[in-house]
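One structure is given below, encoded as structure tokens.
Throughout, a chain's letter reflects where its sequence line sits, starting with A, and its residues are numbered from 1. Predicted, not measured: the structure shown is a model, and the values here were computed from it.
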Amino acid sequence: MMIEVMEIPEPVSPLPPPEKIFKNPLEPTEPLSHFVNNRLQCQSSEEKMAHCHLSHSEPLSQTGMVIPTSPKISPPVQYRYIGSSDELKEVVRFFQDAKVLAIDTETTGAEKGDGLDPHKGKIRLIQIAAAGHHVAVVDMFEIPSEELAPLKDLLAGSAIKVFHNAKFDLKFLQIADIPVKGQLCDTQIAAQLLISGLKDDGYNLKDVVKDYLLEELPKEQQVSDWSGDLTPYQIEYAARDAAVLLRLREVLIPLLRDACLVKVAKIEFDTIPAFVEMELNGMKVDRDKLNALCLKMEEDAKEAADNLKVFIGDINPNSQPQMLKALKDMGVPVESTGKDTLAPLAADYPVVKALIKYRKTSKLHQAFGKLPERIHPVTGRIHPSFDQIGAVTGRVSCKEPNLQQTPRDKSFRGCFTPEPGNVLVIGDYSQIELRNTAEVTQDKRMLDAYNNGEDLHRLTASIVMDKPLQGVTKQERSAAKAVNFGLIYAMGAATLREYAENSYGVSMSLEEAEIFRERFFEAYEGVAQWHIRVKQAKPKETRTLAGRRRLWNGWPKITELYNAPIQGTSGDITKKALSLLSTRMNDIGGGIVLTVHDEIVIEVPESKAEEAVKLLRDTMIEAGREYLKTVPVEVDVAYGKSWADKA
DNA sequence: TGCACCAGCGCC
DNA sequence: AAACGGCGCTGATGCA
């Protein structure tokens with residue numbers, strides 16, 4: 001194939017030092033508030049030295065980049081099209097000693113839309129940028145796979161690899177048998193960490209380049225056809241995307257450092273391979289079981305619908321206005337159709353009972369009845385996609401499908417099975433958010449309880465019921481669970497009452513709830529004091545134990561201030577465990593298949609089950625201990641032939 | 001017809 | 001003064 005190669009000579013003279021053309025979009029920031037934990041203070045020297053690959057290693061003046069004369073348009077780049085094995089060999093030699101490589105890919109699929117699916121699409125171009133060199137644009141359609149060795153060596157080398165949304169490229173590269181090793185840097189994740197939850201979109205490359213380099217990155221070619229003869233415009237576009245990553249990194253890293261986000265960035269970058277692994281692996285489902293379950297759900301939903309019809313006739317039960325009117329007409333005293341208003345009326349009004357049943361069954365059916373459609377035609381498994389910083393707190397989110405919301409019921413989780421000869425090993429942190437609370441607040445009673453191996457729910461029960469530990473009933477322990485989870489986030493008495501009823505089936509009066517509340521804060525004085533400190537500090541920023549930041553535009557809700565560092569620390573811990581795990585799984589075989597906030601699921605050969613149990617437990621505990629210094633970390637691990645086989 | 005928003009509900 | 005937090009998916013609704 002003939003490609004017009006746009007060769008631009010190497011720059012002959014040193015470039016002038018660049019203007020500081022960027023500005024921190026977060027400026028002016030509130031002063032850091034360290035009420036969460038004094039260990040969180042930005043120990044800048046430590047932060048700066050801790051991770052060499054995040055250091056500002058190469059000044060912009062040596063990157064060989066053209067400084068834009070116009071601040072608007074992203075500068076043209078010097079690039080070289082690589083369309084033969086000999087050229088590849090030659091260019092890789094130039095890159096060999098580079099400490100930092102910026103990498104991007106252009107992908108294509110056999111069918112429209114498959115360009116985003118690594119199991120269907122193919123890599124057309126791999127663009128590699130290194131300081132002082134032309135960007136290499138490697139045409140994978142022109143290089144025989146048996147002659148890719150130089151490229152593989154380069155990407156498996158020890159250079160820092162910079163990507164924007166690394167997960168995407170790494171999935172394709174993995175499938176193309178071009179594994180990427182070495183430290184990763186992801187400019188998309190870096191930008192998300194810097195914004196710290198102030199916005200939830202605008203993180204594609206064009207947006208981030210605009211925000212941090214103040215340049216317009218042309219994107220017209222992004223959705224062009226990458227499967228045929230390529231135009232010079234396409235090649236230049238591809239090269240530019242890689243080149244800009246080098247400069248982006250140079251700008252983002254000092255910002256991360258100034259914001260004391262280097263440590264958490266390191267965690268996020270190191271965890272990327274685990275998410276690549278999980279998305280590529282997906283989870284196997286037992287088709288027969290799943291089909292049977294779907295049938296059952298459909299029947300249940302239909303039966304409930306028919307039953308409801310007896311009461312309400314032919315109106316649409318999914319329509320709230322219609323349903324509300326129907327209920328009123330039947331004399332049910334309601335002003336809304338919410339679950340909470342309906343629940344107490346179920347006993348007295350058969351129509352309400354029928355409606356609740358209908359809602360439950362039809363919701364399940366419509367939400368989970370589509371799971372079979374999610375089985376991938378190539379792999380036969382379900383491949384969700386994860387958003388590594390999907391929640392503002394730092395938690396991971398999951399979609400298409402959201403396996404994190406799979407019902408706990410065995411009929412659902414039992415459908416998720418390993419391949420024949422494998423088992424699923426499931427690890428859960430025990431009461432991780434309560435332990436985080438103990439660590440963050442340094443509440444003496446909580447710390448003592450955990451360090452003495454006591455059951456904290458039981459302890460709370462004995463406190464709020466004002467009776468000895470031994471006398472606590474199962475019911476009372478359940479109630480205390482609600483109290484624990486509710487009150488550390490400053491739940492009011494009324495909400496606590498509702499919550500205990502709905503979540504744990506525990507009834508209490510409003511007066512009882514109020515008493516529980518008071519006794520709770522009397523007993524857990526450290527938690528109470530922490531609440532007071534937070535309230536008085538009125539920060540617009542919180543930090544997790546790993547230093548992850550959350551910012552607020554206006555005044556945060558007090559409950560968000562209580563929750564963010566606790567929930568976020570769980571995210572830190574689980575990610576740390578995932579990152580350690582992905583490098584330790586090699587000996588065992590198999591891989592990571594899922595994570596659900598405080599849970600990690602791996603699939604391994606049956607013969608390695610016991611070994612995997614130990615590895616998973618040890619690794620999760622090690623990760624927890626990294627942040628919980630005064631509270632013991634407990635992990636429940638079990639294995640079996642389905643996701644339902646929990647401890 | 002498409003899009004944004006909401007309620008409702010699954011999970012941690 | 002009082003306040004539980006964080007997600008994604010579905011169908012209905014209302015506006016353009």
Side-chain angles (χ1 to χ4, degrees), chain A residues 197 200 297 301 315-324 336-343 355-356 358-371 373-374 384-409 411-413 428-434 436-437 481-500 502-503 513-514 517 520 527 531 534-535 542 544 548 550 555-571 573-574 594-600 643 646:
Chain A
D200 60 2
M297 284 192 289
I315 69 161
N316 182 355
N318 295 320
S319 161
Q320 294 172 105
Q322 288 180 48
M323 200 60 226
L324 185 62
S336 89
T337 66
K339 193 184 175 185
D340 295 345
T341 54
L342 290 181
L355 175 58
I356 290 172
Y358 166 77
R359 284 222 182 122
K360 184 128 188 141
T361 53
S362 74
K363 279 279 179 186
L364 275 180
H365 180 237
Q366 71 198 36
F368 301 101
K370 294 177 176 173
L371 270 179
E373 299 166 24
R374 292 289 181 177
S385 67
F386 294 92
D387 187 342
Q388 204 172 314
I389 314 181
V392 288
T393 53
R395 262 196 189 176
V396 175
S397 71
C398 177
K399 62 179 182 180
E400 297 171 355
N402 182 1
L403 291 188
Q404 293 183 328
Q405 64 181 152
T406 308
R408 288 191 69 87
D409 192 280
S411 60
F412 287 87
R413 298 213 172 179
D428 267 287
Y429 283 106
S430 159
Q431 301 176 8
I432 193 64
E433 293 204 353
L434 273 181
N436 294 345
T437 303
K481 230 169 159 173
V483 174
N484 275 336
F485 288 120
L487 294 191
I488 54 175
Y489 304 137
M491 189 184 278
T495 324
L496 172 62
R497 201 190 65 77
E498 299 253 334
Y499 179 65
N502 296 336
S503 300
E514 188 46 54
R517 200 170 175 278
F520 179 92
V527 178
H531 280 184
V534 171
K535 225 181 290 183
T542 58
T544 65
R548 182 190 306 279
R550 179 175 177 186
W555 288 112
K557 287 198 279 182
I558 192 72
T559 44
E560 290 172 344
L561 291 172
Y562 296 155
N563 176 264
I566 307 297
Q567 184 184 113
T569 297
S570 298
I573 291 173
T574 302
L594 187 64
T595 180
V596 190
H597 309 308
D598 63 351
E599 173 182 359
I600 295 173
W643 187 15
K646 278 216 204 179

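- On a pure distance criterion of 3.5 Å, a polar donor-acceptor pair joins the side chain of A:Gln567 and the base of C:dG5.
- Contacts of A:Ser385 classified as side chain to side chain contact (heavy atoms under 4.5 Å, CB included), with partners at least two apart in sequence or in another chain: A:Glu279, A:Lys399, A:Glu400.
- As rounded to the nearest Å, C:dA12 and B:dG2 have C1' atoms that lie 15 Å from one another.
- Summarising the geometry, the separation between CD on A:Glu498 and C1' on B:dG8 is reported as 15 Å, rounded to the nearest angstrom.
- Remark: the backbone N or O of A:Leu561 is not paired with any side-chain donor or acceptor of A:Arg550 at under 3.5 angstrom.
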Nucleotide N/O of nucleotides 3-5 of chain B paired with protein N/O under 3.5 Å:
none

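- For the salt bridge (Lys or Arg N to Asp or Glu O under 4.0 Å) test, residues two or more places apart in sequence or in another chain that qualify with A:Asp428 are A:Lys646.
- Here A:Thr495 reaches the OP1 or OP2 of C:dC4: one of its side-chain N or O atoms lies under 4.0 Å away.
- Judged purely by atom type and a 3.5 angstrom limit, A:Thr574 uses its side chain to pair as donor or acceptor with the backbone of A:His597.
- If you take CG of A:Asn563 and C1' of C:dG6, they are 6 Å apart, rounded to a whole angstrom.
- Whole-Å rounding puts the A:Leu561 CG to C:dA2 C1' distance at 15 Å.
- Listed pair A:Thr393 / C:dG5 fails the phosphate criterion, with no side-chain N or O lying under 4.0 Å from OP1 or OP2.
- Atom name P, nucleotides C:dA3 and B:dC11: the rounded distance is 26 Å, in whole Å.
- Contact check, A:Arg408 against B:dC12: a side-chain N or O comes under 4.0 Å of OP1 or OP2.
- Among residues two or more places apart in sequence or in another chain, the side chain to side chain contact (heavy atoms under 4.5 Å, CB included) test is passed with A:Lys535 by A:Ile558, A:Tyr562.
- Taking only side-chain nitrogens and oxygens, A:Thr406 never comes nearer than 4.0 Å to OP1 or OP2 of B:dC11.
- Put simply, CG on A:Leu594 is 15 Å from P on C:dG8, counting in whole angstrom units.
- Considering only the side chain of A:Arg550, C:dG6 comes nearest among C:dA3, C:dC9, C:dG6.
- Comparing C:dG11, B:dG10, B:dG8 by their nearest atom to the side chain of A:Arg359 picks out B:dG8.
- With hydrogens and angles disregarded, a donor-acceptor distance shorter than 3.5 Å links the side chain of A:His531 to the backbone of A:Ile488.
- Set against C:dA3, C:dG8, C:dG6, the side chain of A:Val392 has C:dG6 as its closest nucleotide.
- In terms of position along DNA chain C, the nucleotide closest to A:Thr559 lies nearer the 5' end than the nucleotide closest to the other residue of the pair A:Thr559 and A:Glu400.
- Counting non-hydrogen atoms under 4.0 angstrom, A:Val396 reaches nothing in the nucleic acid.
- Rounded to an integer number of Å, the gap from CD of A:Gln366 to C1' of B:dG10 is 11 Å.
- Spacing between atom NE2 of A:His365 and atom P of C:dG11 amounts to 10 Å, rounded to whole angstrom units.
- Remark on DNA chain C: of its neighbouring residues A:Asp387 and A:Glu433, the 5'-side contact belongs to A:Glu433, judged by nearest-heavy-atom nucleotide.
- If you take CZ of A:Arg395 and C1' of C:dG6, they are 5 Å apart, rounded to a whole angstrom.
- If you check distances only, the side chain of A:Lys363 does reach the base of B:dG8 with a donor-acceptor pair under 3.5 Å.
- For A:Ser570, the side chain to side chain contact (heavy atoms under 4.5 Å, CB included) partners at least two apart in sequence or on another chain are A:Ile432, A:Glu433, A:Asn436.
- When each of C:dG6, B:dC11, B:dG10 is scored by its nearest atom to the side-chain atoms of A:Arg413, the top-ranked nucleotide is B:dC11.
- The side-chain heavy atoms of A:Trp643 and A:Leu594, taken from C-beta on, include a pair separated by under 4.5 Å.
- When distances run from any side-chain atom of A:Gln405 to the nucleotides C:dG5, C:dC9, C:dC4, the shortest one goes to C:dC9.
- For A:Ala391, the side chain to side chain contact (heavy atoms under 4.5 Å, CB included) test picks out A:Thr393, A:Arg395, with sequence neighbours left out.
- Distance from the side chain of A:Tyr499 is smallest for C:dC4 among the nucleotides B:dC11, C:dC4, C:dC7.
- Between A:Lys370 and C:dC9 there is no side-chain N or O to OP1 or OP2 distance below 4.0 Å.
- Taking the side chain of A:Lys535 as heavy atoms from C-beta on, and the options C:dA3, C:dG5, B:dC11, the nearest nucleotide is C:dA3.
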